[in-house]
Amino acid sequence: MPEAPDLEVIKDYLNRHVKGTVIDTARVLRPTVLRPMAGDVSKDLPGRSLGQFRRKGKFLICELTGDRWLAINPMLTGAVQYCEPKARVYKRTSLVLELDSGMELRYLDDRQMGMVYYVDTAQLEGIYRLEKQGVDVLTDRSFDEFKAGLKKFRGEVKGVLTRGSFVSGIGNAYSDEILFAAGISPFRKVGTLKEDELERLHRQCRVVVEDAIAVLQERVGDNIHVKIRDFLKVHGKGGEPCPVCGGNISQLNANQRLTNFCRRCQPGMLIRN
């Protein structure tokens with residue numbers, strides 16, 4: 001799932017390379033992901049210019065000329081590709097926008113779980129999950145504000161981080177990284193967190209994301225459709241040594257969600273495996 005670090009880098013790349021170009025044609029290859037609320041994409045999109053790209057939580061949004069918007073929620077396996085027309089068209093390619101620059105902007109999705117909304121301004125506010133999001137992870141929120149906001153939530157801390165209504169932009173991978181950096185078990189109930197743990201959580205939410213953005217800015221290049229996660233410290237590293245204590249990183253897989261953590265560095269596990 002593309003999260004705030006991935007989408008920040010993709011957004012900046014598209015603003016450098018795609019912003020201001022005109023869509024010559026729009027080809028729909030796999031319509032499952034499309035939500036064409038403002039008209040037929042293949043007929044209504046051509047001739048419109050792509051404006052500023054923005055990120056809101058785990059959405060990528062672009063304003064078009066003529067009161068139109070593209071809002072992309074990649075979900076688990078969605079990706080945006082910017083390439084030459086001769087580049088291989090993957091089986092998972094769902095939408096191809098041919099641009100007047102001679103390049104193409106494509107949306108890819110392995111499992112067709114993402115959603116590409118084509119809407120007008122009035123419809124933008126009604127997009128599911130877009131408007132009901134919490135404070136963005138990169139927003140400068142004071143510790144007192146962070147702590148007060150968290151009081152509204154119950155349950156395990158990882159679930160609260162990934163839900164989006166408390167803090168937006170964080171998904172499965174970076175919640176693991178944030179909790180590892182903060183030394184907090186993903187299974188701790190938010191109501192049990194002490195003051196010093198809350199302070200670490202508040203700090204690491206932003207630090208981990210900003211550090212990841214810096215790494216991705218150096219490594220992504222033109223391959224914005226390729227997800228880079230090998231630099232993460234615990235997520236996806238089950239069975240490997242913990243970079244802090246040297247013990248094995250634990251891995252649990254439940255409800256189609258992978259959770260990685262270190263039992264030594266993140267004490268307080270409430271279930272046994």
Side-chain angles (χ1 to χ4, degrees), residues 1-15 18 32-35 37 52-63 69-82 92 94-95 105-119 123-139 141 146 149 153 157-179 186 201 204-217 220 224-229 232 235-236 255-259:
M1 174 189 294
E3 301 178 33
D6 313 286
L7 293 175
E8 278 291 311
V9 173
I10 293 169
K11 175 202 72 177
D12 291 344
Y13 180 92
L14 294 176
N15 280 329
V18 177
T32 311
V33 302
L34 292 179
R35 304 293 185 273
M37 299 161 63
Q52 183 83 13
F53 285 83
R54 312 171 190 175
R55 179 187 65 82
K56 185 165 185 178
K58 288 176 279 189
F59 276 78
L60 188 65
I61 305 169
C62 179
E63 184 174 9
W69 297 78
L70 282 173
I72 301 173
N73 182 2
M75 298 294 286
L76 289 178
T77 58
V80 177
Q81 181 183 18
Y82 180 67
R92 63 184 186 271
S94 304
L95 175 66
L105 187 63
R106 303 174 180 176
Y107 177 74
L108 293 62
D109 201 322
D110 280 331
R111 295 168 64 181
Q112 298 290 287
M113 293 179 66
M115 286 159 279
V116 179
Y117 294 88
Y118 183 54
V119 298
Q123 294 167 331
L124 189 66
E125 297 180 356
I127 292 177
Y128 179 59
R129 290 196 179 100
L130 181 60
E131 293 304 315
K132 296 181 179 180
Q133 297 191 70
V135 179
D136 190 82
V137 66
L138 291 177
T139 296
R141 177 161 52 165
F146 179 88
F153 296 89
V157 62
K158 176 168 180 173
V160 173
L161 288 180
T162 57
R163 198 175 303 155
S165 49
F166 169 61
V167 58
S168 64
I170 297 301
N172 198 40
Y174 284 97
S175 62
D176 281 353
E177 295 298 298
I178 289 167
L179 291 168
L201 183 61
Q204 294 302 333
C205 275
R206 185 155 183 168
V207 169
V208 167
V209 169
E210 289 179 339
D211 287 350
I213 290 172
V215 173
L216 293 172
Q217 285 172 335
V220 167
I224 58 173
H225 60 292
V226 178
K227 184 167 59 178
I228 299 175
R229 294 279 167 83
L232 298 183
H235 186 77
N255 300 321
Q256 297 185 325
R257 186 169 76 174
L258 185 71
T259 295

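Values reported hereafter were calculated over all heavy atoms of this structure, with side chains retained and with hydrogens, waters and symmetry mates removed.
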**Student:** Of all the heavy-atom pairs spanning Pro5 and Ile213, show the shortest one and how long it is.
**Tutor:** CA-CG1, 3.6 Å

**Student:** Would you mind reporting whether Phe59 and Gln133 have side-chain heavy atoms less than 4.5 Å apart?
**Tutor:** yes

**Student:** May I ask you to test the Val167-Arg141 pair for a side-chain heavy-atom distance under 4.5 Å?
**Tutor:** yes

**Student:** Can any side-chain N or O of Asn172 pair as donor or acceptor with the backbone N or O of Leu258 at less than 3.5 Å?
**Tutor:** yes

**Student:** Go through the structure and list residues passing side chain to side chain contact (heavy atoms under 4.5 Å, CB included) with Val226, not counting sequence neighbours.
**Tutor:** Asn223

**Student:** Listed by chain and number, what are the side chain to side chain contact (heavy atoms under 4.5 Å, CB included) partners of Ala173, not counting sequence neighbours?
**Tutor:** Glu3, Arg229, Leu232, His235

**Student:** Can you name the salt bridge (Lys or Arg N to Asp or Glu O under 4.0 Å) partners of Asp12, sequence neighbours left out?
**Tutor:** none

**Student:** List for me each residue that meets side chain to side chain contact (heavy atoms under 4.5 Å, CB included) alongside Pro186, sequence neighbours excluded, and say none if there are none.
**Tutor:** Lys158, Leu179, Thr259, Phe261, Gln266

**Student:** Do Asp6 and Tyr174 make a side-chain contact, defined as non-hydrogen atoms from C-beta onward lying under 4.5 Å apart?
**Tutor:** yes

**Student:** Taking only residues at least two apart or on different chains, which pairs with a member in residues 160-174 satisfy salt bridge (Lys or Arg N to Asp or Glu O under 4.0 Å)?
**Tutor:** none

**Student:** Can you tell if the side chain of Leu14 reaches within under 4.5 Å of the side chain of Leu60, non-hydrogen atoms only?
**Tutor:** yes

**Student:** Are Ile224 and Val9 close enough, and set up right, to give a side chain to side chain contact (heavy atoms under 4.5 Å, CB included), and what steps lead you there?
**Tutor:** CA-CA 8 Å; Ile224 58 173; Val9 173; 5.6 Å; no

**Student:** Go through the structure and list residues passing salt bridge (Lys or Arg N to Asp or Glu O under 4.0 Å) with Arg55, not counting sequence neighbours.
**Tutor:** Glu8, Asp136

**Student:** Drop me the distance from Met37's CE to Leu124's CG, to the nearest 0.5 angstrom.
**Tutor:** 9.0 Å

**Student:** For a quick test of reading the model, state the closest non-hydrogen atom pair linking Gly78 to Pro2 and the distance between them.
**Tutor:** O-CG, 3.4 Å

**Student:** Which is it for Tyr13 and Val220 under the side chain to side chain contact (heavy atoms under 4.5 Å, CB included) test, yes or no, and what are the steps along the way?
**Tutor:** CA-CA 10 Å; Tyr13 180 92; Val220 167; over 6 Å; no

**Student:** State, with a plain yes or no, whether a side-chain heavy atom of Thr162 is found less than 4.5 Å away from one of Arg257.
**Tutor:** yes

**Student:** Could you measure the distance from the CG atom of Leu76 to the CE atom of Met113? Nearest 0.5 Å is fine.
**Tutor:** 4.0 Å

**Student:** Nearest heavy-atom pair of Glu210 and Leu138: which atoms, and what distance?
**Tutor:** CG-CD2, 3.8 Å

**Student:** Please identify each residue that fulfils salt bridge (Lys or Arg N to Asp or Glu O under 4.0 Å) with Arg129, with sequence neighbours left out.
**Tutor:** none

**Student:** If I take atom CG from residue Leu108 and atom CZ from residue Arg92, how far apart are they, to the nearest 0.5 angstrom?
**Tutor:** 5.0 Å

**Student:** Which atoms form the tightest heavy-atom contact between Pro74 and Leu7, and what is the distance?
**Tutor:** CG-CD2, 4.4 Å

**Student:** Looking at Lys58 and Ala4, would you say the former's side chain and the latter's main chain have a donor-acceptor pair under 3.5 Å?
**Tutor:** no

**Student:** For residues Ile178 and Gln204, report the shortest heavy-atom separation together with the two atoms involved.
**Tutor:** CG1-O, 3.8 Å

**Student:** Phe166: which residues meet the ring pair (Phe, Tyr, Trp, His ring centres under 6.0 Å) condition with it, sequence neighbours left out?
**Tutor:** Phe146, Phe153

**Student:** Given Ser175, which partner from the list Val208, Val160, Leu161 fulfils the side chain to side chain contact (heavy atoms under 4.5 Å, CB included) test?
**Tutor:** Leu161

**Student:** What are the two closest non-hydrogen atoms of Cys205 and Val137, and how far apart are they?
**Tutor:** O-CG2, 3.3 Å

**Student:** Please list, chain by chain and in numerical order, all residues satisfying side-chain hydrogen bond (donor to acceptor under 3.5 Å, both in side chains) with Gln81, sequence neighbours excluded.
**Tutor:** none

**Student:** Applying ring pair (Phe, Tyr, Trp, His ring centres under 6.0 Å), can you list everything that pairs with Tyr118, at least two apart in sequence or on another chain?
**Tutor:** none

**Student:** Rounded at 0.5 Å granularity, tell me how far CD1 in Ile127 sits from NZ in Lys56.
**Tutor:** 10.0 Å

**Student:** Mind checking what makes side-chain hydrogen bond (donor to acceptor under 3.5 Å, both in side chains) contact with Thr77, not counting sequence neighbours?
**Tutor:** Asp109

**Student:** Applying side chain to side chain contact (heavy atoms under 4.5 Å, CB included), name anything that partners Thr32, two or more places apart in sequence or on another chain.
**Tutor:** Gln112

**Student:** Start with the C-alpha distance between Glu63 and Gln52, add both sets of side-chain angles, then the distance that settles side chain to side chain contact (heavy atoms under 4.5 Å, CB included), and finish with yes or no.
**Tutor:** CA-CA 6 Å; Glu63 184 174 9; Gln52 183 83 13; 6.0 Å; no

**Student:** Do side-chain atoms of Asn15 reach the backbone of Phe53 as a donor and acceptor pair under 3.5 angstrom?
**Tutor:** yes

**Student:** How far apart are the C-alpha atoms of Val33 and Leu95, what are their side-chain angles, what is the distance that settles it, and do they pass the side chain to side chain contact (heavy atoms under 4.5 Å, CB included) test?
**Tutor:** CA-CA 9 Å; Val33 302; Leu95 175 66; 5.9 Å; no

